[in-house]
J.: 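Before I ask anything, let me first share the structure, which is written out below as structure tokens.
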Amino acid sequence: MKILTEVRFVLVEPVGTARHYRINARRIDCFPSAADVVMGHPTPTPTRRLLMTPVAIRTMRAGDAEQVLAIYQAGMDAGDASFEHTAPDWAAFDASKLPDHRFVAVDTDGTVLGWAAVSAVSSRSVYAGVVEHSVYVDPAAQRRGVGRMLLDALIASTEAAGIWTIQSGVFPENTASLAAHHAAGFRIVGVRERVGRHLAQGNRWRDVIFIERRSPHVN
């Protein structure tokens, strides 16, 4: 514990005569295996080594549909990505996402490692600059910076288009996603307690952390 506190992986907070210890969210991406161990999760065993080659970000294409939807489904299956439990077909996905802000991360073989896209939050003109985003990463490529690369591409694209706010909801248990969003400039607006029932997890109530990024450049 002494070493973990010295490198600020664990933060110490005095509370009266006691001391409380907590994980430093900003360090999770730097020490992913340590984060799993300290938080009581089993250390993941990679099923395939996707990131031995450089990663590139490009515009999503219709030809990416199968891989994009497979990653979407894998995120739902993991349990902490969405209230939904079945990925839509490509027609529904395509209709729900704004065409100018869709990206995939790929390796040199063209394998899709993750994707990001946005949807309009309202048809009212006053909310034209507000979008809701999604970012999903292949389980075998997680905690290697892919999500952050996708977020950076999404931020650059939306700001260039005059979009001033990107927002989303994240389950509190999805600590890796929260850390990546914090590093990309998102802030926590609040917690929506017991906002919905998660059918795939026994129909239990779940909280959702509402996050947003307000562009400093679009005025």
Side-chain angles (χ1 to χ4, degrees), residues 50 55-107 110-139 141-142 145-171 174 176-178 180-181 184-187 189 192 195-196 198-200 208-215 217-218:
L50 291 176
V55 177
I57 305 296
R58 64 164 172 78
T59 301
M60 186 186 298
R61 307 165 184 159
D64 300 319
E66 183 177 355
Q67 294 183 80
V68 165
L69 296 180
I71 292 172
Y72 201 174
Q73 186 63 54
M76 293 180 181
D77 292 343
D80 287 328
S82 173
F83 278 111
E84 302 298 328
H85 56 86
T86 304
D89 60 23
W90 180 252
F93 180 95
D94 186 45
S96 67
K97 309 299 182 185
L98 297 182
D100 295 333
H101 311 291
R102 307 179 189 182
F103 299 94
V104 291
V106 296
D107 64 13
T111 299
V112 175
L113 309 178
W115 61 269
V118 301
S119 302
V121 300
S122 174
S123 60
R124 296 176 62 189
S125 60
V126 69
Y127 294 118
V130 184
V131 295
E132 183 170 357
H133 81 294
S134 299
V135 56
Y136 282 75
V137 177
D138 187 300
Q142 289 176 355
V146 174
R148 176 60 190 276
M149 292 174 68
L150 287 164
L151 283 173
D152 287 346
L154 200 64
I155 289 167
S157 174
T158 53
E159 287 195 338
I163 290 172
W164 56 81
T165 297
I166 308 173
Q167 66 184 40
S168 192
V170 180
F171 288 133
N174 198 344
S177 179
L178 289 169
H181 281 88
F186 285 77
R187 71 184 184 97
V189 178
R192 305 184 70 187
V195 70
H198 200 162
L199 181 62
V208 170
I209 297 177
F210 187 71
I211 61 173
E212 71 171 17
R213 182 186 185 277
R214 178 62 167 86
S215 170
H217 306 298
V218 181

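Keep in mind that what you see is a predicted model, and the values were worked out from it rather than measured. We number each residue from 1, following the sequence as shown.
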J.: Taking D138 for the side chain and G114 for the main chain, is one N or O donor matched with an acceptor at less than 3.5 Å?
T.: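 No; judged by distance alone, with no hydrogens or angles, the pair does not exist.
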J.: Show, in sequence, the C-alpha distance, side-chain angles and deciding distance for V68 and V104, and conclude whether the side chain to side chain contact (heavy atoms under 4.5 Å, CB included) test is met.
T.: CA-CA 8 Å; V68 165; V104 291; 3.9 Å; yes
J.: What's the verdict on side chain to side chain contact (heavy atoms under 4.5 Å, CB included) for L154 and H133, showing C-alpha distance, side-chain angles and the deciding distance?
T.: CA-CA 9 Å; L154 200 64; H133 81 294; 3.7 Å; yes
J.: Between W164 and V126, which heavy-atom pair has the shortest distance, and what is it?
T.: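 So the two residues come closest at CZ2-O, 3.6 Å.
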J.: When rounded to the nearest 0.5 angstrom, what is the spacing between CG in L150 and CZ in F103?
T.: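 So the gap between those two atoms works out to 9.0 Å.
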J.: Going from CZ on R214 to CZ on R187, what distance comes out if it is rounded to the nearest 0.5 angstrom?
T.: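 If we round to the nearest 0.5 Å, R214:CZ and R187:CZ are 10.5 Å apart.
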J.: Is V170 close to F210 at the side-chain level, that is, under 4.5 Å between some pair of heavy atoms?
T.: no
J.: Under a 3.5 Å threshold, yes or no: a donor from one side chain and an acceptor from the other, between E159 and S215?
T.: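 Yes, S215 and E159 have a side-chain donor paired with an acceptor closer than 3.5 Å.
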J.: How long is the gap from CG on L98 to OG1 on T158, to the nearest 0.5 Å?
T.: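 That separation rounds to 10.5 Å.
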J.: Taking side chain as C-beta onward, heavy atoms only, is T111 less than 4.5 Å from Q67?
T.: yes
J.: Can you confirm whether the side chains of H101 and S157 place a donor and an acceptor under 3.5 Å from each other?
T.: yes
J.: Any side-chain heavy atom of P88 sitting closer than 4.5 Å to one from Y72?
T.: yes
J.: Going by heavy atoms in the side chains, are F83 and V208 under 4.5 Å from each other?
T.: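 Yes, at least one pair of side-chain atoms sits under 4.5 Å.
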J.: Indicate, with yes or no, if the rings of F93 and W115 have centres closer together than 6.0 Å.
T.: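 Aromatic pair counts; centres sit under 6.0 Å.
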J.: Using side-chain heavy atoms (C-beta onward) and a distance below 4.5 Å, is I166 in contact with I155?
T.: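 Yes - at least one pair of side-chain heavy atoms lies under 4.5 Å apart.
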J.: Ignoring hydrogens, what is the shortest heavy-atom contact between S119 and S96? Give both atom names and the distance.
T.: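 Closest heavy-atom pair between S119 and S96: OG-O, 2.8 Å.
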J.: Search all heavy atoms of A105 against all heavy atoms of V55 and return the closest pair with its distance.
T.: CB-CG1, 3.9 Å
J.: Is there a side chain to side chain contact (heavy atoms under 4.5 Å, CB included) between F186 and L151 once you walk through the steps?
T.: CA-CA 10 Å; F186 285 77; L151 283 173; 4.2 Å; yes
J.: What closest approach, in Å, do A81 and G75 show between heavy atoms, and which atom pair accounts for it?
T.: CB-O, 3.3 Å
J.: Might you work through the side chain to side chain contact (heavy atoms under 4.5 Å, CB included) test for Q167 and I211, ending with a clear yes or no?
T.: CA-CA 6 Å; Q167 66 184 40; I211 61 173; over 6 Å; no
J.: Can you tell if the side chain of S134 reaches within under 4.5 Å of the side chain of Y136, non-hydrogen atoms only?
T.: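 Side-chain contact under 4.5 Å: yes.
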J.: If you look only at pairs with a residue in residues 87-101, which of them pass as a salt bridge (Lys or Arg N to Asp or Glu O under 4.0 Å), with sequence neighbours excluded?
T.: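 Residue pairs with at least one partner in residues 87-101: D94-R102.
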J.: Kindly give the heavy-atom pair with the smallest separation between H85 and A200, and that separation in Å.
T.: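 Taking every non-hydrogen atom into account, CB-CB, 3.9 Å.
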J.: Would you say the side chain of W90 lies within less than 4.5 Å of the side chain of L69, judging by non-hydrogen atoms?
T.: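 L69 vs W90: side chains touch.
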J.: What's the spacing between I71 CD1 and D64 CG if we round to 0.5 Å?
T.: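 Interatomic distance, I71 CD1 to D64 CG, rounded to 0.5 Å: 9.5 Å.
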J.: Is there side-chain contact between V135 and H181, with at least one heavy-atom pair below 4.5 Å?
T.: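 Yes, their side chains come closer than 4.5 Å.
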J.: State the CD1-CZ distance between I163 and R213, to the nearest 0.5 angstrom.
T.: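 These two atoms lie 12.0 Å from each other.
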J.: Within the supplied structure, the quantity of interest is the number of heavy atoms (other residues, nucleotides, ligands) at a distance under 6.0 Å from R192 CZ; does it exceed 12?
T.: no
J.: How many angstroms lie between atom CD of E212 and atom OG1 of T165, to the nearest 0.5 angstrom?
T.: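 Atom-to-atom, E212:CD and T165:OG1 are 5.5 Å apart.
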J.: Looking only at atom types and distance, does a side-chain atom of E132 sit under 3.5 Å from a main-chain N or O of V121, one as donor and one as acceptor?
T.: no
J.: State whether a side-chain donor-acceptor pair under 3.5 Å links Q73 with D77.
T.: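 Indeed, the side chains of Q73 and D77 share at least one donor-acceptor pair under 3.5 Å.
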